[in-house]
Amino acid sequence: MPELPEVETIARKLRPELVGKRILKADLLWPRTLATPTPAKFRKLVKGQEIQAVSRRGKYFVIQLSHYHLFVHLRMSGDLYIKEENATPEKHDRMILSLTPGPSPARGGENPPLRPREGLGVRETKLVFNDTRKFGRVWLVRDPDEVVGRLGPEPLSEEFTAQALYESLQARHRQLKPLLLDQSFLAGLGNIYTDEALHRARLHPLIRSDAVKREQAEALWAAIREVLQEGIRHNGASLDWVYRGGDFQNHFRVYDRKGQPCPVCGTAVERLVIGQRSTHVCPDCQRIGS
DNA sequence: CTGGCTCCCTGAATGC
DNA sequence: TGCATTCAGGGAGCCA
């Protein structure tokens, strides 16, 4: 399940291959992939738009076009990649954007690559959104706030400080785990990185947010940034049907490790369900009353 | 405000 | 072997 590190990894990979290219046409193989606007409008508006930037906000891809913002959320099983235009479509392709062969000729001061990569920059390519479970969504909007306006802070940004986290925890009265999964509280954490962060901070997922002490909030803040940065360094985690080449799954301390020893103390990791989400804890390291 | 539950989907795993 | 059932999971939406 792509979370912040996986989305960041994909965005970094796509950026140099997309920026400067122009969208020739849009194929919607599963129209409900579109959150907004209607398929007809989408095809019309996106045609001819130049891709100016590729970034990420929380778990959303942000593709900045000449006049619009294109957002993609992978949800459970989505994937986004470049293929040659004539490549055979795959079973779960949901949307295909055909692109111009290469970046527009270098503009003022930009250095064009000396040797374009094989098959890219020369031939026509396409950006493919593939999504087995059809939970992923695409938005095309003028105003980014329509999509990401209510997201919480970026956990790796400067404005997200330990103090800020402590204060927002105090302002709520919720169980830690569901609160950390709430994208309006903090943007980018999913089930994996939340479990990993709580374990590193030695906090039980059921602790009430306003019961967290200042030092614990600092530990949680550090743990969140640590697991996310480590995830990015490992190119994300490859799980289930979403294989990305990342290997952070080999560094999980509790997630998906029910019954296996906690790497800190050796106690068997337990799995519980909190807020309808499977949750992994070390019962020894993470105590509710501490 | 909080939390519980359902829905959206598919394919892997499990049950018989 | 083969068919049917169960389950996971991000996020929106609904209800208490």
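Just so it is clear, the structure is predicted and the values come from calculations on it, not from any experiment. Every chain is numbered from 1, with letters handed out A, B, ... down the list of sequences.
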Just how far, in rounded Å, is [atom2] of [N] from [atom1] of [X]?
X: A:Arg57; N: C:dG10; atom1: CZ; atom2: P; result: 19 Å
X: A:Lys134; N: C:dG11; atom1: NZ; atom2: C1'; result: 18 Å
X: A:Leu180; N: B:dT2; atom1: CG; atom2: P; result: 13 Å
X: A:His73; N: C:dA12; atom1: NE2; atom2: C1'; result: 11 Å
X: A:Glu3; N: C:dA8; atom1: CD; atom2: C1'; result: 14 Å
X: A:Asp195; N: C:dG9; atom1: CG; atom2: P; result: 9 Å
X: A:Gln276; N: C:dA12; atom1: CD; atom2: C1'; result: 14 Å
X: A:Asp131; N: C:dG9; atom1: CG; atom2: P; result: 16 Å

Looking at [X], I'd like to know whether one of its side-chain N or O atoms comes within less than 4.0 Å of OP1 or OP2 on [N].
X: A:Tyr193; N: C:dG10; answer: no
X: A:His92; N: B:dC9; answer: no
X: A:Lys59; N: C:dG11; answer: yes
X: A:Gln183; N: C:dG10; answer: no
X: A:Ser278; N: C:dG9; answer: yes

**Among A:Glu85, A:Lys47, A:Lys126, side-chain hydrogen bond (donor to acceptor under 3.5 Å, both in side chains) partner for A:Ser98** = A:Glu85
**Request:** Report the residue from A:Leu186, A:Thr194, A:Leu198 that forms a side chain to side chain contact (heavy atoms under 4.5 Å, CB included) with A:Ile224.
**Result:** A:Leu186
Between [options], which nucleotide gets closest to the side-chain atoms of [X]?
X: A:Arg75; options: C:dG9, B:dG11, C:dA12; result: C:dA12
X: A:Arg271; options: C:dG11, B:dG3, C:dA8; result: C:dA8
X: A:Arg133; options: B:dT10, B:dT2, C:dG11; result: B:dT10
X: A:Arg32; options: B:dC8, C:dG9, B:dT2; result: B:dC8
X: A:His173; options: B:dT2, C:dG10, B:dT10; result: B:dT2

**Message:** Before we go on, tell me: are the rings of A:Phe248 and A:Tyr255 under 6.0 Å apart, centre to centre?
**Reply:** no
**Asked** Hey, does A:Phe71 have a side-chain heavy atom less than 4.5 Å from the side chain of A:Val141?
**Response** yes
**Request:** Go through the side-chain N and O atoms of A:Asn130 and A:Lys91 and say whether any donor and acceptor fall under 3.5 Å apart.
**Result:** no
**Request:** Determine, stepwise, if the pair A:Trp30 / A:Asp131 fulfils side-chain contact (heavy atoms from CB on, under 4.5 Å).
**Result:** CA-CA 10 Å; A:Trp30 174 257; A:Asp131 182 24; over 6 Å; no
**Request:** Could you check whether A:Phe135 and the base of C:dG9 form a stacked pair, meaning centres closer than 5.5 Å and planes differing by less than 30°?
**Result:** no
**Request:** Report yes if a donor N or O on one partner sits less than 3.5 Å from an acceptor N or O on the other, where the partners are the side chain of A:Arg137 and the base of C:dA12; otherwise report no.
**Result:** no
**Base C:dG10 to side chain A:Arg277, donor-acceptor N/O within 3.5 Å cut-off** = yes
**Message:** Using a heavy-atom cut-off of 4.0 Å across all strands, would you classify A:Arg94 as base, sugar-phosphate, or nothing?
**Reply:** nothing
